[in-house]
2 protein chains.
Amino acid sequence: MSTKDKILDAAENFIRTQGFNSFSFRDVAAAIGIKSASVHYHFPTKDDLGEAVTDRYSANILASLEAEGAESTAPAIRVDAFIGIYRGALKDARQMCLCGMLGAEIESLGDPVKAAVRRFFQAQENWLASFLRKTHPEQDDEVARARARSAVAALQGALIMARTMDDHSVFEDVAARIRTGLIR
Amino acid sequence: MSTKDKILDAAENFIRTQGFNSFSFRDVAAAIGIKSASVHYHFPTKDDLGEAVTDRYSANILASLEAEGAESTAPAIRVDAFIGIYRGALKDARQMCLCGMLGAEIESLGDPVKAAVRRFFQAQENWLASFLRKTHPEQDDEVARARARSAVAALQGALIMARTMDDHSVFEDVAARIRTGLIR
DNA sequence: AATTATCTATCTATCAGTAGGTAGACAGAA
DNA sequence: TTCTGTCTACCTACTGATAGATAGATAATT
């Protein structure tokens with residue numbers, strides 16, 4: 001793996017566990033065995049790094065939804081793929097969604113990172129709303145959008161609560177209700 | 001207002017807008033026109049300050065629920081009081097729930113703050129679950145708990161999304177669905 | 001083929017600024 | 001006098017960021 005990718009991996013991990021403002025260039029460098037000046041070589045400023053991590057994360061999520069939850073797949077499978085992305089973050093490494101974390105800290109971020117986080121949430125809402133318009137063509141677009149927003153919000157909040165309470169059942173309780181709410 | 005209260009107010013504001021790791025003792029001191037050493041006099045460490053802010057916040061929320069949503073009040077009013085706490089944070093100052101922010105950053109916090117945040121979420125869940133057991137006595141306790149957790153999670157996530165998208169309608173869309181879900 | 005020049009990725013060393021935190025002086029109130 | 005609250009002055013550690021050196025690979029020129 002290239003150094004650039006190692007840096008992105010380490011930075012993503014720091015952001016998703018501790019937040020954007022609680023890690024330094026030195027932390028990232030130490031995590032992968034280089035010096036902080038070398039991190040600056042690949043990403044001149046912390047905002048550059050944050051933007052790159054966020055863009056890569058968004059692309060990965062969308063690609064994963066494309067793979068596991070393509071339009072041809074059955075509705076229940078598609079919903080499970082969507083929820084599974086959030087569950088995986090929690091189960092694999094007790095992490096937040098990258099953009100859930102950055103969204104909480106949004107006021108302390110630079111404009112490029114802010115914009116990248118916005119794009120992520122818009123994409124999540126769009127994916128779910130478009131799913132709902134397909135499975136419930138009789139429903140108003142506004143209703144689909146509201147349902148989509150509610151599901152994304154609940155998943156983000158579920159990650160916060162499950163991590164805080166150190167109890168995965170919090171996430172599962174919320175996920176189960178979202179699932180039936182989206183499939184119904 | 002006492003200096004101690006001014007410090008708590010300023011710290012709460014910083015945490016709820018930017019997060020616990022993006023403000024300093026100097027920031028707090030400057031916000032209220034004193035020196036950082038004086039902040040240390042009232043709260044020796046940053047953890048002490050974080051714990052005090054969190055405990056005060058929890059007490060205030062519970063008192064407010066006691067006042068506006070006491071057990072004798074009609075269910076719809078009680079739910080509105082609960083949701084209104086979250087809406088107020090967003091509308092008045094575009095702030096997060098203090099514990100939603102700290103919950104996201106939980107891994108970077110000291111144990112006393114962690115514990116205080118946990119107590120808040122447990123109290124929120126308990127309040128809503130006890131409300132639901134009263135309005136739906138026929139329902140299992142586990143269902144009430146799951147419904148309560150889902151509502152709190154969705155409200156926390158709604159704050160993140162509404163702030164990130166700079167669009168209050170995101171919050172209102174989610175709040176409306178939670179409201180009907182809780183009253184039904 | 002040999003030489004020269006350029007590029008890439010890293011390093012060491014350093015900067016000015018800020019972090020959380022402390023010691024001790026001082027003024028006013030009890 | 002003693003206690004309370006605030007101050008000045010300072011500490012060590014760390015922050016994001018930069019400058020300049022260096023080694024190795026690659027490309028261009030002779």
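Below, chain A is the first sequence line, B the second, and so on; all start at residue 1.
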Atom pair distance, as rounded to whole Å: CZ in B/Arg26 and P in D/dC14: 16 Å

Identify, between A/Pro44 and B/Ile34, the residue whose nearest nucleotide on DNA chain D lies closer to the 5' end. B/Ile34

Within this structure, what is the NE2-to-P distance between B/His40 and D/dT6, rounded to whole angstrom? 14 Å

What is the separation between atom NZ on A/Lys35 and atom C1' on D/dT15, rounded to the nearest whole Å? 16 Å

Cation over ring, B/Lys46 on B/Phe23, under 6.0 Å and within 45°? yes

Test the A/Lys35-A/Tyr41 pair against the cation-pi criterion, namely NZ or CZ under 6.0 angstrom from the six-membered ring centroid and within 45° of the ring axis. no

Would you call A/Arg149 and B/Asp167 a salt bridge, taking side-chain N to carboxylate O under 4.0 Å as the test? yes

A/Tyr41 OH to D/dT22 C1', in whole Å, measures 14 Å

Taking only N and O in the side chain of B/Thr3, is any of them less than 4.0 Å away from OP1 or OP2 of D/dT6? yes

Reckon A/Phe23 touches a base, only the sugar-phosphate, or nothing at all at heavy-atom distances under 4.0 Å? sugar-phosphate

Measuring from the side chain of B/Asp27 (C-beta onward, heavy atoms only), which nucleotide among D/dA9, C/dA19, C/dT10 has the closest atom? C/dA19

Nearest whole angstrom, please: distance from the C1' of D/dT4 to the CD1 of B/Ile7. 14 Å

Looking at B/Ser24, does any N or O in its side chain come under 4.0 Å of the phosphate oxygens OP1/OP2 on C/dT18? no

Specify the separation, in whole Å, of atom CZ of A/Phe43 and atom P of D/dA17. 13 Å

With a cut-off of less than 4.0 Å, is there a side-chain N or O of A/His42 near OP1 or OP2 of C/dT10? yes

Protein-nucleotide distance (A/Lys6, atom NZ; C/dA9, atom P), rounded to Å: 13 Å

Determine, for A/Arg78 against A/Glu71, whether the closest basic-nitrogen to carboxylate-oxygen distance falls under 4.0 angstrom. no

Look only at the side chain of A/Arg163 and the backbone of B/Ala104, and say whether a donor-acceptor pair between them is shorter than 3.5 Å. yes

Nucleotide C/dT18, atom C1' - distance to CG of B/Asn21 in whole Å: 15 Å

